[in-house]
Amino acid sequence: MLQNRVDPQGNIIKTSARGAWLGNRGQLHGDTKTILRPFKLKAWLICQLHFKGRHRQVMAPNLYTELFFLDEATAFAAGHRPCFECRRDDANRFKAAWLKGNPEYEFDHKVAYRKNR
């Protein structure tokens, strides 16, 4: 059993529970498929388990660490957001809702930086 499931607090745990969603925080594992760090990237994603027939070897050397969530609510609670490649419509809805709920950051809808900088 690999340590590649994520709980609602964002901890990466070992459990036999199957994941319904795939997550990405960058390459977190070493050569022995052991987690070395909790994240590498700031953009934490929620991806579909099945997309365009792609298949990945879990925790392959030098590639991102596949993380799994029991459900989408767990992924959101852990701090992940929808992927713009495999979940574009969900990602656009998430971005619009986030911008509407966080006007104090002054982000523009089309760019990922502040308007006044």
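For the single chain, residues carry numbers from 1 onward in sequence order.
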Between [X] and [Y], what is the shortest heavy-atom contact and its length?
X	Y	value
His50	Gln48	O-OE1, 2.9 Å
Cys83	Ala91	O-CB, 3.6 Å
Thr15	Met1	C-SD, 3.3 Å
Lys95	Phe84	CD-CZ, 4.2 Å
Pro38	Leu28	O-CD1, 3.6 Å
Arg18	Leu70	O-CD1, 3.6 Å

Nearest 0.5 Å, please: how far is [atom2] in [Y] from [atom1] in [X]?
X	Y	atom1	atom2	result
Ile35	Leu2	CD1	CG	8.5 Å
Leu22	Leu49	CG	CG	6.0 Å
Lys33	Leu36	NZ	CG	14.0 Å

State, yes or no, whether a side-chain contact exists between [X] and [Y] at a heavy-atom distance under 4.5 Å.
X	Y	value
Asn62	Gln27	yes
Leu67	Arg25	yes
Asn11	Val6	no

* Got a sec, which residues hit salt bridge (Lys or Arg N to Asp or Glu O under 4.0 Å) with Arg87, two or more places apart in sequence or on another chain? -> Glu72, Asp90
* Just jot down the salt bridge (Lys or Arg N to Asp or Glu O under 4.0 Å) partners of Arg56, sequence neighbours excluded, or say none. => Glu66
* To do: Measure the acute angle between the ring planes of Phe69 and His80, then classify it against the limits of 30° and 60° as parallel, tilted or perpendicular.
  => perpendicular
* To do: Can you sort out the partners of Arg81 under side chain to side chain donor-acceptor pair (under 3.5 Å), two or more places apart, ordered by chain and number?
  => none
* To do: Step by step, work out the side-chain contact (heavy atoms from CB on, under 4.5 Å) result for Glu85 and Phe51.
  => CA-CA 9 Å; Glu85 182 179 6; Phe51 181 67; 3.7 Å; yes
* Asked: If you draw a 6.0 Å radius around CZ in Phe39, do more than 12 non-hydrogen atoms from other residues or ligands fall strictly inside?
  -> no
* Is the number of heavy atoms from other residues, nucleotides or ligands under 6.0 Å of Asn102 CG greater than 12? -> yes
* **Near-ring test Trp98/Tyr105, centroid separation under 6.0 angstrom** => yes
* Asked: Do Phe68 and Trp21 have ring centroids that are under 6.0 Å from one another?
  -> no
[X] side-chain N/O to [Y] backbone N/O, donor-acceptor pair under 3.5 Å:
X	Y	answer
Arg5	Ile12	no
Asn24	Gly26	yes
Thr74	Asp7	no
His29	Thr34	no

